[in-house]
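It should be emphasised that the depicted structure is a prediction, and the values quoted were computed from it without experimental measurement.
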Amino acid sequence: MAQAAQGISRIQIRTKKTLKDQATELFDKLGLDMGTAINMFLAQSVRDGGLPFRASLTPLERDIDEVEPFASESEATDFASRMAGRMMDETR
């Protein structure tokens with residue numbers, strides 16, 4: 001069945017390549033593709049009657065890439081201590 005017959009409409013936008021690349025990376029981390037993220041934004045905007053929400057990664061989630069292999073146990077321990085300190089600071 002054709003897209004028009006299903007009530008689907010295409011949206012085309014222009015944006016800076018760096019912004020698109022950064023958004024794609026973020027949405028990948030959130031388990032979303034660009035189309036799904038935009039549809040979520042549009043649906044929530046209509047429900048709220050305005051700009052809907054601020055979905056973001058926590059500082060810990062943004063830093064999760066740093067968890068990739070450590071050279072030593074002491075390096076891993078230092079990282080864990082820094083993350084624990086950040087979490088404590090955020091709860092104050």
Side-chain angles (χ1 to χ4, degrees):
M1 186 178 275
Q3 286 183 351
Q6 294 176 351
I8 295 173
S9 179
R10 178 178 297 270
I11 297 174
Q12 292 183 349
I13 63 167
R14 292 188 187 274
T15 190
K16 294 180 180 180
K17 181 178 180 349
T18 54
L19 178 60
K20 178 185 176 272
D21 292 345
Q22 290 170 341
T24 298
E25 183 178 333
L26 171 64
F27 297 148
D28 285 346
K29 289 179 181 179
L30 293 170
L32 303 169
D33 61 26
M34 183 71 70
T36 301
I38 291 170
N39 278 316
M40 289 172 64
F41 173 80
L42 294 173
Q44 194 66 44
S45 294
V46 170
R47 277 189 214 109
D48 291 352
L51 295 177
F53 56 85
R54 183 171 172 240
S56 62
L57 296 172
T58 66
L60 180 60
E61 290 168 324
R62 283 192 295 267
D63 292 338
I64 203 71
D65 290 335
E66 290 183 41
V67 176
E68 297 299 321
F70 293 105
S72 66
E73 186 176 335
S74 66
E75 197 176 300
T77 303
D78 291 344
F79 175 81
S81 294
R82 285 195 319 273
M83 292 300 104
R86 281 188 186 178
M87 290 172 67
M88 292 299 292
D89 290 344
E90 289 178 12
T91 59
R92 292 184 186 148

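- The CG atom of Leu19 sits 9.0 Å away from the OG1 atom of Thr24 when rounded to the nearest 0.5 Å.
- Every side chain to side chain contact (heavy atoms under 4.5 Å, CB included) that Ser72 has, sequence neighbours left out, goes to Ser74, Glu75.
- With sequence neighbours excluded, the residues that form a side chain to side chain contact (heavy atoms under 4.5 Å, CB included) with Lys17 are Asp21.
- The distance from the OG1 atom of Thr36 to the CG atom of Leu30 is 12.0 Å, given to the nearest 0.5 Å.
- Nearest heavy-atom pair, Met34 versus Lys20, reported as atom, atom and distance to 0.1 Å: CE-O, 4.0 Å.
- Here the CD1-CG distance, from Ile11 to Leu42, works out to 5.0 Å after rounding to the nearest 0.5 Å.
- Residues satisfying the side chain to side chain contact (heavy atoms under 4.5 Å, CB included) criterion with Arg47, sequence neighbours excluded, are Ala43, Gln44.
- Ile13 and Val46 sit in two unconnected hydrophobic clusters of ILVMFWY residues. Membership requires side-chain heavy atoms under 4.5 Å apart, directly or through other members.
- Taken to the nearest 0.5 Å, the CZ atom of Arg82 stands 11.0 Å off from the OG1 atom of Thr77.
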